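First up is the structure itself, then whatever we jot down about it.
The structure displayed is predicted, hence computed values, not measured ones.
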Amino acid sequence: MSKVLAKNFYDRKTPIVAEELLGKNLVWRIGEKITILPITEVEAYDGFEDKASHAHKGLTERNKVMFGDAGYWYVYLVYGMYCMLNIVTGNKGYPAAILIRGAGDITGPGRLTKALRIGKTLNGKKASRALGLWIEDAGVVVPKKEIKKSPRIGVAYAGPIWAQKKYRFVWRCASDT
DNA sequence: ACGATGATGAAC
DNA sequence: TTCATCATCGTA
């Protein structure tokens, strides 16, 4: 049985949610076509103090979704070309989100949204079957040994403390090393 | 190693 | 209104 992850899953400490998202299924439906991809790589962006997070400069038009309820999509454009897909975590008023960097065979957040044709129209929408983009638990448990923690990518500007935080979680199968 | 490519936020 | 800066990727 697969169950759709809802607010009670996302509304917890961001790094915990991020780690638990590994192995969950990202589901994307366009009409009759359904794509199911197990999540393999994520990054946590947590709270006002996190200098790598968009939220650290306060509430803005772009990042306001991060301040809202958990379980909503935060989608934005970087480098003029690629949309980044994030799921909002934490309580309302507490800005946090998790960037989905890879799922299935796809590695890289830009490639993921390009492959699925996910765009900013989903920004601020609730992850649900009705929307056509959601995450569900198919009962897969990823062994701790297969989870690799490391610093986040592309956030050197955040200063040593935040740039070095191990908020990146990668599901590395035992078969490869 | 670097350019593409455009929204964003802050300065002026 | 202008400017530097990006949670990146493909090509070289």
*Please check if the side chain of A:Thr14 supplies one atom and the backbone of A:Ala96 the other of a donor-acceptor pair under 3.5 Å.*
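The answer is no, because no donor-acceptor pair under 3.5 Å joins these two groups.
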
*Is the backbone of A:Tyr74 close enough, under 3.5 Å, to the side chain of A:Asn86 for a donor and an acceptor to pair up by distance?*
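The answer is yes, because a donor-acceptor pair under 3.5 Å joins these two groups.
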
*Which pair of heavy atoms, one from A:Trp28 and one from A:Leu116, lies closest together, and at what distance?*
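Scanning both residues completely, I find the closest heavy atoms to be NE1-O, 2.6 Å.
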
*asked:* Testing the basics here: between A:Ser2 and A:Glu136, what is the closest heavy-atom pair and its distance to 0.1 Å?
replied: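 So the two residues come closest at CB-OE2, 3.3 Å.
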
*asked:* Counting only heavy atoms not in A:Ile161 (residues, nucleotides, ligands), do more than 12 fall under 6.0 Å from its CD1?
replied: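 Not buried by this count: 12 neighbours or fewer within 6.0 Å.
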
*Can you check the A:Lys64 NZ to B:dG9 P distance for me, whole Å?*
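Roughly 11 Å, once rounded to whole Å.
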
*Using the criterion of both pairing distances under 3.5 Å for Watson-Crick and G-U wobble pairs, give all stems of 3 or more consecutive pairs involving DNA chain B.*
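So the stems come out as B:1-4 with C:8-11, B:6-11 with C:1-6.
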
*How does each nucleotide of nucleotides 1-12 of chain C score, in 5' to 3' order, for protein heavy atoms under 4.0 Å: base (B), sugar-phosphate only (S), or none (-)?*
-----BBBSS--

*Scan for side chain to side chain donor-acceptor pair (under 3.5 Å) pairs involving residues 153-167 of chain A, sequence neighbours excluded, and state none if there are none.*
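Non-adjacent pairs meeting side chain to side chain donor-acceptor pair (under 3.5 Å): zero.
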
*Going by the side chain to side chain contact (heavy atoms under 4.5 Å, CB included) test, name the single residue among A:Leu21, A:Val142, A:Val42 that passes it with A:Phe169.*
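For A:Phe169, the side chain to side chain contact (heavy atoms under 4.5 Å, CB included) check succeeds only for A:Val42.
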
*How far, in whole Å, is C:dT2 from B:dT5 if one measures between their P atoms?*
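Approximately 22 Å lies between the P atom of B:dT5 and that of C:dT2.
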
*State plainly whether the residues A:Asp50 and A:Arg152 are in salt-bridge range, i.e. N to O under 4.0 Å.*
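Looking at A:Asp50 and A:Arg152, the cut-off is met.
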
